[in-house]
Amino acid sequence: MTRKELAKVYEPWDVEEKWENHWEENKTFTPDPDGPGESYSIVIPPPNVTGVLHMGHALNLTLQDILCRFNRQQGKNVLWVPGTDHAGIATQNVVERQLKEEGLTRHDLGRDKFIERVWDWKKEKGDHILSQIRRIGASVDWTRECFTFDDQRAKAVREVFVKLYEEGLIYKGDYIINWCNRCHTALADDEVEHEAKPGKLHHVKYPLADGSGHLIVATTRPETMLADTAIAVNPEDDRFNHLIGKEAVLPLVGRKLPIIGDKYVDVEFGTGCLKVTPAHDMNDWELGRKHDLDIISMLDEDGVVNENAPEKYRGMTALAARVVILADLEAEGLLESIVDHDHNVGVCYRCKSVIEPHVSTQWFVSMKPLAKKARAAVPSETQIYPEHWTKTYYDWLDNIRDWCISRQIWWGHRIPAWTCEKCGKLTVAIEDPSACSSCGSKNIVREEDVLDTWFSSALWPFSTLGWPDDTKELAKYYPTSCLVTGFDILFFWVARMMMMGLQFKEQVPFKEVYIHALVRDENGKKMSKSTGNVIDPLSMIDKYGADALRFTLTSFAAMGRDIKLSEQRIEGYKHFMNKIWNATRFGMMNLPDEIPAVQLSEADGLANKWILHRLEEVKKSIVEATGEYRFNEIAQILYRFIWSEFCDWYLEMIKPALYGEDETTKAATQKVLWTVLSETMLLLHPVTPFITQGIWSVLPRPAGDDRSDDIATLPFPEMREECLDPAAVARMELFMGVVSGTRNIRTELLIEPAKKLDLLIKTVSDEDKAVLEENMHLIKSLARFENVTIGPDVEAPKASGAAVVQGNEISVPLEGVVDFESELARLDKNITKLDKTMMGVSNKLGNPGFVNNAPPEVVEKEKTKLADMDEEKTKLTQLKERLESVMG
RNA sequence: GGGCGGGUAGCUCAGCUGGAAGAGCAUCGCCCUUACAAGGCGAGGGUCACAGGUUCGAGCCCUGUUCCGCCUACCA
């Protein structure tokens with residue numbers, strides 16, 4: 001018999017590479033929209049094209065892949081769309097940095113040449129992350145790969161922009177926005193991160209215009225005083241409300257400032273007087289609009305003081321101006337005091353430089369009407385898992401403000417709006433216009449700004465399916481089945497996709513959203529390059545294999561918000577992969593080339609019946625757990641079944657049958673072994689596609705089994721009700737109890753493992769006697785006994801080690817083997833332990849409240865439990881006394 | 001300020017509708033038993049953050065306290 005010898009340890013690398021390529025070349029994961037099967041679709045959260053794969057991606061991809069592979073097994077028509085996003089600011093930064101090394105800026109190249117240059121970069125480097133996605137084993141459809149800035153997606157963006165504009169949901173205007181001095185662009189509110197930083201609160205005197213005294217304001221940014229246009233006090237503040245309507249004089253500038261009343265001002269904070277600087281503070285901007293204040297902008301786009309400030313300060317950065325201004329105030333005796341004050345500072349999420357509120361002309365999406373629909377669709381049409389994230393989703397939508405979508409960069413979807421030089425009107429159109437739509441003048445100039453990258457990302461669930469064209473994909477796969485993403489982009493992304501999907505497809509973009517945790521390092525810190533605590537998924541794959549990494553992430557997936565990953569865990573699961581591999585090796589050594597055609601229901605023997613029953617239970621629980629996104633449970637069920645049941649017990653129990661002469665038993669056992677092994681590979685496949693594929697390729701088959709060698713195309717194993725046999729579990733428990741009980745005696749008494757011993761079992765029932773007799777040879781081999789005697793009247797020597805298993809008395813004669821003191825101590829320990837638990841149960845049963853109120857079956861259970869323990873205790877005590885009688 | 005999540009074995013965490021506290025890793029014994037030493041067999045280890053409450057019964061439900069983490073926010 002020739003049989004391919006498997007390597008002694010699992011080597012993931014050749015399997016992984018071979019099958020990645022095979023799946024892609026054979027288009028295994030390219031579905032036919034006209035094909036059979038209910039649709040199941042997922043769009044990938046497109047990673048940043050400049051990015052490298054990090055653990056968060058790895059987790060995200062693994063979970064999606066489990067869902068996709070599992071649903072393929074269920075016969076669904078599965079589409080998983082891959083792609084990347086063009087990450088406007090980040091990508092432009094990358095290429096600008098390159099240019100800088102050449103001593104150039106983008107302005108030296110000009111817009112068109114620069115864009116060309118970015119495309120070159122994208123083609124060369126930008127797809128890096130896609131090859132990394134392949135390494136994870138993601139079963140995406142590579143033929144449908146998308147990019148948020150490719151032609152088809154540009155078409156969708158254009159369509160959406162124009163329609164929203166025509167409906168009045170997109171508008172242009174002068175507003176205060178978050179401005180990044182370094183990136184030189186506006187940012188949306190959620191692109192600003194807040195960091196608590198120590199600062200100072202400066203108390204500054206502002207004289208009253210009528211010379212009747214002064215007010216003291218408190219400010220963290222004294223330099224902005226140059227752009228103050230009012231002082232505000234709370235109208236209910238009796239200290240100051242008589243001043244409302246009067247004027248103060250702005251120090252260093254001399255401008256007169258109206259004193260206004262607004263209940264926004266917090267009486268408790270600072271001095272109760274607020275300087276109002278509409279152009280440089282979001283809140284002041286609102287106050288300014290409300291009270292119709294002047295808006296004076298004193299900083300330019302680099303954060304440098306401009307011509308609206310007194311000449312002395314012009315050309316200084318804001319920070320430099322602050323120093324000078326404080327000195328000047330001090331000199332004039334207007335600086336009352338400076339106290340420490342911690343406050344939140346907004347920083348750019350891309351470059352971490354401090355954000356400057358800045359007034360400029362920008363484009364906005366009016367969010368309220370869109371948000372209303374998006375809110376109403378949850379949970380009726382879209383359910384969020386875990387459910388508690390729903391509240392966070394609502395909170396954001398309820399407090400939403402208009403979305404600033406214009407960015408002052410070049411890499412991105414350029415806003416399709418043209419201003420007429422002649423009449424000044426805007427033309428917004430899907431096709432590039434050649435003339436003004438109002439006056440017909442040919443003299444029109446296109447907007448310079450591009451759109452926020454998230455604008456195109458928001459269309460992803462339908463733009464990737466071909467919208468605005470009428471495609472088969474859209475008809476078949478929209479709405480998508482599930483979105484899998486981290487909570488950090490719930491706002492950025494999920495909510496906006498909901499809005500856009502509802503607005504343009506009149507259906508939610510996904511039926512379910514599964515929000516997973518963020519991966520952190522083993523100390524709970526966010527992984528980041530700067531702190532150097534990054535665990536790189538690629539290096540983990542190199543070291544331990546993709547499956548080990550995937551299994552690790554899956555087993556962690558149920559945790560709250562953080563996954564604290566350590567390399568040690570991955571290593572542990574690599575061991576598990578090796579265990580699976582070696583169980584297969586064992587199988588291969590003991591299976592014939594052609595698996596015998598035996599009816600599983602006719603396979604005899606405790607081990608076979610038990611494992612087949614357990615296999616059915618495992619199948620059911622895998623289906624349940626996957627359907628409820630309980631990924632960690634999937635991992636746990638499989639781990640325990642494979643290691644603790646299949647390997648530890650089943651494989652050991654069938655060895656005699658496999659090595660034996662009884663051909664009927666052997667054939668039946670081979671069939672069961674093969675069944676469990678092969679079906680376990682199918683169950684495991686969504687989590688660990690590579691090793692299961694590797695094993696599937698070499699496993700023999702029964703005659704007539706012409707299933708594909710490509711495990712990814714095979715259905716979920718069929719359920720076999722006829723193999724369910726709960727009685728086998730009960731019998732197995734007895735068997736395992738006896739084996740473990742005797743092993744315990746042996747190790748606890750420090751008896752050499754190889755020492756020949758005898759075993760006597762005094763049984764309590766004919767059933768138990770039958771079970772144990774039937775498996776006597778296994779008790780001998782697994783627990784290493786020479787002679788085993790089983791029966792109701794068995795009399796063991798008084799000098800025996802003893803245990804009680806389900807009422808059956810187990811005795812191991814110790815004469816000449818070991819001193820009896822240690823056995824006595826061991827028995828005492830067990831009796832004490834038993835006593836303790838019995839106490840609890842009998843107290844419970846002694847409580848009339850329990851007996852009267854608890855459900856009868858619970859009470860009954862407790863009674864049986866107590867009786868069993870009582871019996872065990874009696875027997876153990878007798879056995880102990882028996883031993884004591886020979887010790888004198 | 002508001003919201004959310006968490007405090008269970010030395011470590012990392014499970015524990016779904018309340019019914020004798022679990023896993024992995026680590027630790028301690030013994031074993032190179034012909035699938036696997038990346039292994040096998042066995043053992044030890046927990047006032048489930050604290051205080052109340054509901055209940056016959058609470059890790060789980062309620063209230064309060066405390067500590068940690070995250071998100072969010074217009075105290076200058």
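Remember, predicted model here, so these are calculated numbers, not experimental data. In what follows, chains are A, B, ... by sequence order, proteins preceding strands, each numbered from 1.
When the side-chain nitrogen and oxygen atoms of Y659(A) are compared with OP1 and OP2 of A35(B), one or more of them lie within a distance under 4.0 Å. Side-chain nitrogen and oxygen atoms of W396(A) include none within less than 4.0 Å of the OP1 or OP2 phosphate oxygen of C4(B). Phosphate proximity of C36(B) to K8(A): present, with a side-chain N or O under 4.0 Å from OP1 or OP2. Put simply, N578(A) has no side-chain N or O that comes within less than 4.0 Å of OP1 or OP2 on A38(B). Within the structure, every side-chain polar atom (N or O) of K574(A) is placed at least 4.0 Å from both OP1 and OP2 of C25(B).
For the salt bridge (Lys or Arg N to Asp or Glu O under 4.0 Å) condition, the pairs that include at least one residue of residues 634-659 of chain A, sequence neighbours left out, are R614(A)-E645(A), E652(A)-K655(A).
Listed nucleotides C56(B), G24(B), A35(B) differ in distance to F850(A); the shortest reach to its side chain belongs to C56(B). Distances were taken from every side-chain heavy atom of A583(A) (C-beta onward) to each of G44(B), A35(B), G19(B); the shortest belongs to A35(B). Distances from the side chain of F487(A) to the nucleotides C25(B), A35(B), C70(B) place C70(B) closest. Comparing atom distances between the R630(A) side chain and each of A14(B), C16(B), C25(B) picks out C16(B) as nearest. Picking from A35(B), A76(B), G19(B) the nucleotide with the shortest atom distance to the side chain of L651(A) gives A35(B). Nearest to the side-chain atoms of K391(A) among the listed nucleotides A35(B), A43(B), G3(B) stands G3(B).
If you take CZ of R221(A) and P of C74(B), they are 16 Å apart, rounded to a whole angstrom. Between the P atom of G3(B) and the CG atom of D398(A) lies a distance of 14 Å, rounded to the nearest Å. One interatomic measurement links the two molecules: CD of Q568(A) to P of C11(B), which rounds to 14 Å at whole-angstrom precision. A straight line from CZ of F576(A) to C1' of G24(B) spans 12 Å, rounded to a whole angstrom. The distance between atom CD of E624(A) and atom C1' of U17(B), rounded to the nearest whole Å, is 14 Å. We find that CG of L638(A) is positioned 18 Å from P of A23(B), with the value rounded to whole Å. Regarding R784(A), its CZ atom lies at a distance of 15 Å from the P atom of G40(B), rounded to whole Å. For H575(A) and C25(B), the NE2 to C1' distance is 11 Å, given to the nearest whole Å.
A gap of 42 Å separates the P atoms of A26(B) and U65(B), to the nearest Å. For the C1' atom pair drawn from A21(B) and U63(B), the interatomic distance equals 25 Å after rounding to whole Å. With both ends at atom C1', the span from C31(B) to A37(B) equals 10 Å, rounded to whole Å. Comparing the P positions of C32(B) and C13(B) gives a spacing of 38 Å, expressed to the nearest Å. Of the C1' atoms belonging to G64(B) and A20(B), the separation is 30 Å, rounded to the nearest Å. Spacing between A23(B) and C30(B) at atom P, rounded to whole Å, works out to 23 Å. Rounded to whole Å, the P atom of C48(B) lies 14 Å from the corresponding atom of G22(B). C60(B) and G5(B) have their P atoms separated by 16 Å, given to the nearest Å.
Mapped onto RNA chain B by nearest heavy atom, V841(A) and K655(A) fall at different nucleotides, with V841(A) at the one closer to the 5' end. Along RNA chain B, the nucleotide nearest D281(A) and the nucleotide nearest R569(A) are compared for position; the residue whose nucleotide lies closer to the 5' end is R569(A).
In this structure the side chain of V698(A) reaches within 4.5 angstrom of the side chain of L6(A), judged on heavy atoms.
The nucleotide U66(B) finds its pairing partner in G7(B), both defining distances of the Watson-Crick or G-U wobble pair being shorter than 3.5 Å. C30(B) and G40(B) make up a base pair, with Watson-Crick or G-U wobble contacts both under 3.5 Å. When both distances must be under 3.5 Å, the Watson-Crick or G-U wobble mate of G46(B) does not exist. With a 3.5 Å ceiling on both atom-pair distances, C74(B) lacks any Watson-Crick or G-U wobble partner. With a cut-off of 3.5 Å on both pairing distances, the Watson-Crick or G-U wobble partner of G22(B) is C13(B).
Using a 4.0 Å heavy-atom criterion, one finds that Y264(A) contacts the bases of the nucleic acid, with or without backbone contacts as well. Residue contacts shown for K863(A) are absent, as no nucleic acid heavy atom lies under 4.0 Å away. W285(A) comes within 4.0 angstrom of no nucleic acid atom, judged by non-hydrogen atoms across all strands. Counting non-hydrogen atoms under 4.0 angstrom, M869(A) reaches a base of the nucleic acid. Heavy atoms of V851(A) sit nowhere under 4.0 angstrom from any nucleic acid atom. P848(A) comes within 4.0 angstrom of no nucleic acid atom, judged by non-hydrogen atoms across all strands. Within the nucleic acid shown, D648(A) comes within 4.0 Å of sugar-phosphate atoms alone, with no base atom in reach, counting heavy atoms only. Counting non-hydrogen atoms under 4.0 angstrom, N847(A) reaches the backbone sugars and phosphates but no base. Among the protein residues, K275(A) comes within range of no part of the nucleic acid, since none of its heavy atoms lies under 4.0 Å from any strand.
For the pair R746(A) and F785(A), the cation-pi criterion (under 6.0 Å, within 45° of the ring axis) is fulfilled. A cation-pi arrangement is absent between R375(A) and Y393(A), since the terminal nitrogen or guanidinium carbon is not both under 6.0 Å from the aromatic centre and inside a 45° cone about the axis.
At a threshold of 4.0 Å, the pair E624(A)-R630(A) does not count as salt-bridged, since none of the basic side-chain nitrogens sits closer than that to a carboxylate oxygen.
Taking 3.5 Å as the limit, the base of C36(B) and the side chain of K579(A) contain a donor-acceptor pair of atoms between them.
Interatomic distance, CD of Q670(A) versus CG of L658(A), reported as 6.0 Å (0.5 Å rounding). Residue N582(A) holds its CG atom at 13.0 Å from CE of M588(A), rounded to the nearest 0.5 Å. One finds the SG atom of C404(A) at 6.0 Å from the CD1 atom of I177(A) (value rounded to the nearest 0.5 Å).
Between Y514(A) and F631(A), the ring centre distance stays below 6.0 Å. Aromatic pair Y639(A)/Y573(A): ring centres closer than 6.0 Å.
Remark: S740(A), R743(A), N744(A), T747(A), E748(A), L750(A), P753(A) in residues 740-755 of chain A come within less than 4.0 Å of RNA chain B through at least one heavy atom.
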Inset, instruction - Would you sort out whether E567(A) and Y544(A) count as a side chain to side chain donor-acceptor pair (under 3.5 Å), showing the intermediate values? - result: CA-CA 10 Å; E567(A) 187 169 340; Y544(A) 305 107; 2.7 Å; yes
